[in-house]
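Notes follow the structure.
Atoms considered below: every heavy atom in the structure, side chains included; atoms not considered: hydrogens, waters and symmetry mates.
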Amino acid sequence: MTKAIRTHRQVSGDDARARRNAFVLSAAQALYMVGATIQITVSGLVGYLLADDKSLSTFPVTAYVLGTLIATVPASMFMRRVGRRRGFMLGAILGILSAALAAFAIFTSSFWLFCFAMSLSGGYQAFAQYYRFAAADTASAAFRPKAISWVLAGGLIAAFVAPQIVIYSKDALAPETFAGTFIASAIVAVIAMAVLAFVDIPGNAATTDEADIPPRPLREILRQAKLRIAILTGMVSYGSMTFIMTATPLAMVASNHSVESAAFAIQWHIVAMFAPSFFTGQLIQRFGRERIVLAGMVLLACAGLVAASGQAIWQFNLVLALLGLGWNFGYIGSTTMVTDCHRPEERNKVQAINEFMVFGFVALASYSSGKILHEAGWTSVAVAFLPFVALAGGLALMLAVRGANWGGQGSQR
C-alpha cells in the first residue's frame, strides 16, 4: 500500500513537472514557429529575386533543411552532455545570428550568402525539433501523447502572427524587399531564448532500476518493426508537407495570385498543422497511434488530389489545410510511436537517428519541389509524393491490423 502511494505521488510529481515543461516548450515552439513560418513563406521568393538560375529559387529552403539535417545528431549529443535547456538556448542563438545574416545577404544581393544564412537557421530548427521529445522526458506513459501535442499546439500562434509580420515588414527597409522581415525574425528568436531559460528537465529521466540496464545497440533497437515504421511515417509526413508547402507560394504567384494571398494560404496551413494538437493526444489515447498515423496519410493523399484539380485560390487554401491536418496526425502519431520504442537511457541516439532520417528526406523533398515545379509544373508537384504516402499508409495499416508489437519488441520503456 505504501509503495503504491509512493508510486502515485512520484507519477503525479513527474507529470506536474512535465506539465510545466510542456507549457514552457509550447511557448518556445510558438516563437520558433513564428520565425520558421516567416522564413518558409518568403525564402523561396527571396531566392527567386536573388538567384540568376530561377530553378534554384527554392534552394534556400533546401539549405535550411540541410542545416537541420547536419545539426540534428550533434544537437542531440550536445544536449546529452550539457542538458536540454542549454542546448535549446544555443539553438535560439543560431536563430538570431542566421536571421541577421539573411538580412545582410539581402542588402548585398548575395544568393549564396542567403543560402548559408538559411542553413544556420536550420541549426535552430534542429534543436527546436527536440522540444516535443523533451516534453515527454519527464512525462508518464499516459501523459506523454498529450505533452507532445501541447508542445506542437504552440505553433498555432504562428499562423496568426507570422503572416502579419511578413505583410507589415516586407517593405520596412525598402527598397530591400524582405530585409525587414528577417530582422523581425531575429527579434522573435531573442524572445524565444529568454523563454527557454525556464526549461526544467534533468539530464537523464531514467529511473534507478533503468539506470542499471545498459543501453542496447542501435542495430538491436532498430529491429523493432514499430520503430522502423514510425520513422518512415514521420519521414513521409514531414517530407510531403514540405514538398507541397515549399512550392505553393511560388505556384500561387506564378498563377497571378498576390504575395498577401500566399501568406494567407500559409496562415491557414499553419492553423491546420497545429490547431488539432489540442485534441490529437486524446485521439491517440482512444484510437491508438497507428490509426491516427493512417488517418494522416489519407489526408495527405487527399491534399495531393485536390492540388492536381486546379490552381484557384480556394484550391490552394484547401490543399494546405488538408496538408497541415495530415501532417499533424502523421507527425504526432509517429513521434509517440518512437517514444514507445526506446528506454530513457537510449533516447538521445534513437531520437537523433529519427530526426536525421526525417530531415534527410525533407531536404530531398524541398530541393526536388522547386525543380519539379520549374520543369514540369504544379500538377506534377501535386502527384509526385503520392506513392510515398501510399507506402507509409499501407505499413501503418498493417501495423494497426496486426498489432502494435508486430514484427518487433514493442515498447521497451
What donor-acceptor contacts under 3.5 angstrom involve side-chain atoms of residues 152-167, with partners at least two apart or in another chain?
none

| task | Answer yes or no: is there a side-chain heavy-atom contact under 4.5 Å between W268 and N317? | result | no
| request: Indicate yes or no for a side-chain donor-acceptor contact from T68 to the backbone of Y64 under 3.5 Å, with no hydrogens or angles considered. | output: yes
| Validation row: Y331, M273 side chains within 4.5 angstrom (heavy atoms) | no
Can you give the donor-acceptor pairs under 3.5 Å from side chains of residues 90-117 to other protein atoms, not counting sequence neighbours?
residue	atom	partner	partner atom	Å
S98	OG	L94	O	3.0
S98	OG	G95	O	3.1
T108	OG1	F104	O	3.1
T108	OG1	A105	O	3.2
S110	OG	L113	N	3.2

Let me have the donor-acceptor pairs involving side chains of residues 276-283, under 3.5 Å, with sequence neighbours excluded, atom names and distances please.
residue	atom	partner	partner atom	Å
S277	OG	F274	O	3.2
S277	OG	N328	ND2	2.8
T280	OG1	P276	O	2.6
T280	OG1	N328	OD1	2.7

| field | Spatial distance of atom CD (E220) from atom CG (L218) [nearest 0.5 Å] | value | 10.5 Å
| Results of side chain to side chain contact (heavy atoms under 4.5 Å, CB included) for A192 - residues two or more places apart only | L31, Y124
| Residues which pass side-chain hydrogen bond (donor to acceptor under 3.5 Å, both in side chains) with T72, listed by chain and number, not counting sequence neighbours | none
| So, does T37 use its side chain to make a donor-acceptor pair with the main chain of V34 at under 3.5 Å? | no
| E346 side chain to R216 backbone, donor-acceptor under 3.5 Å | yes
| message | Once salt bridge (charged side-chain N to carboxylate O under 4.0 Å, His left out) is applied, what residue pairs with a partner in residues 156-171 remain, sequence neighbours excluded? | response | K170-E260
| request: Return the minimal non-hydrogen interatomic distance between A230 and M337, and the atom names on each side. | output: CB-CB, 3.6 Å
| query | Rounded to the nearest 0.5 Å, what separation is found between the CZ atom of F329 and the OG1 atom of T233? | reply | 14.5 Å
| query | Are any side-chain N or O atoms of N21 and backbone N or O atoms of D200, one a donor and one an acceptor, separated by less than 3.5 Å? | reply | yes
| field | Where A307 and W378 come nearest, the two heavy atoms and their spacing | value | O-NE1, 3.1 Å
| note | Here the gap from L232 atom CG to L395 atom CG, rounded to the nearest 0.5 Å, amounts to 6.0 Å
| said: So N354 and F133, do their side chains get closer than 4.5 Å, heavy atoms only? | reply: yes
| said: Counting C-beta onward and ignoring hydrogens, is there a side-chain heavy-atom pair between K349 and H342 closer than 4.5 Å? | reply: no
| request: Take L227 and V338 through the test side-chain contact (heavy atoms from CB on, under 4.5 Å) and record every step on the way to the result. | output: CA-CA 6 Å; L227 179 57; V338 169; 4.2 Å; yes
| task | Determine which pairs satisfy salt bridge (charged side-chain N to carboxylate O under 4.0 Å, His left out) with at least one residue from residues 237-253, sequence neighbours left out, and list them in order. | result | none
| query | Under 3.5 Å, is there a donor-acceptor pair between the side chain of Q315 and the main chain of Q311? | reply | yes
| task | Output every pair passing salt bridge (charged side-chain N to carboxylate O under 4.0 Å, His left out) with a member in residues 117-133, not counting sequence neighbours, ordered by first then second residue. | result | R132-E355
| Does anything in residues 117-129 pair up under salt bridge (charged side-chain N to carboxylate O under 4.0 Å, His left out), and if so which pairs, sequence neighbours excluded? | none
| said: Using the rule given for side-chain contact (heavy atoms from CB on, under 4.5 Å), can you reason through M79 versus F88, listing the C-alpha separation, both sets of side-chain angles and the distance that settles it, and then say yes or no? | reply: CA-CA 8 Å; M79 286 188 289; F88 291 155; 3.4 Å; yes
| field | Output field: ring centroids F361/Y238 closer than 6.0 Å | value | no
| said: I'd like to check Y32 versus F127 (side-chain heavy atoms, cut-off strictly below 4.5 Å). Are they in contact? | reply: no
| task | Check the pair I332, T335 against side-chain contact (heavy atoms from CB on, under 4.5 Å), reporting the backbone distance first and the verdict last. | result | CA-CA 5 Å; I332 293 180; T335 296; 5.6 Å; no
| If every non-hydrogen atom of I313 is compared with every non-hydrogen atom of S261, which pair is closest and at what distance? | CD1-OG, 4.0 Å
| Which residues satisfy the side chain to side chain contact (heavy atoms under 4.5 Å, CB included) test with M89, sequence neighbours excluded? | R85, M193, L196, A197
| message | Determine whether a donor-acceptor pair (N or O, by modelled atom type, separation under 3.5 Å) exists between the side chain of Q224 and the backbone of C341. | response | yes
| query | Quick check: does any side chain N or O of S76 sit under 3.5 Å from a backbone N or O of V73, one acting as donor and the other as acceptor? | reply | no
| message | Looking at L222, is its backbone amide N or carbonyl O close enough to the side chain of R228 to form a donor-acceptor pair, meaning the two atoms are under 3.5 Å apart? | response | yes
| task | Tell me, with the steps shown, if K226 and E290 meet side-chain contact (heavy atoms from CB on, under 4.5 Å). | result | CA-CA 9 Å; K226 181 176 179 178; E290 298 78 22; 3.8 Å; yes
| task | With the side chain counted from C-beta on, respond yes when I229 and M398 share a heavy-atom pair under 4.5 Å apart, and no when they do not. | result | no
| Does S185 use its side chain to pair, donor to acceptor, with the backbone of F182 at less than 3.5 Å? | no
| request: Starting at OG1 of T336, measure out to CZ of R289 and round the result to the nearest 0.5 Å. | output: 5.5 Å
| remark: Sequence neighbours excluded, the answer for side chain to side chain contact (heavy atoms under 4.5 Å, CB included) partners of L305 is L386
| V61, T246, T62, V65 screened by side chain to side chain contact (heavy atoms under 4.5 Å, CB included) with V362, the one that passes | V65
| Contact summary for F243 and I372, nearest pair of heavy atoms | CZ-CD1, 3.8 Å
| note | Here the pair of heavy atoms bringing R84 nearest to Y130 is NH1-CB, 3.8 Å
| message | Rounded to the nearest 0.5 Å, what separates atom CE in M245 from atom CD1 in I270? | response | 5.5 Å
| query | Counting only heavy atoms not in F143, do more than 12 fall under 6.0 Å of its CZ? | reply | yes
| query | Can you check whether M252's main-chain N or O pairs, donor with acceptor, with H257's side chain at less than 3.5 Å? | reply | no
| Going from OG on S255 to CZ on F316, what distance comes out if it is rounded to the nearest 0.5 angstrom? | 4.0 Å
| So do L300 and L322 actually touch side chain to side chain, heavy atoms under 4.5 Å? | no
| request: Return the set of residues passing side chain to side chain contact (heavy atoms under 4.5 Å, CB included) with L250 (not counting sequence neighbours), or none when no residue passes. | output: L45, Y48, S57, T58, L373
| remark: What one should report as the nearest heavy-atom pair of S240 and L323 is O-CD1, 4.0 Å
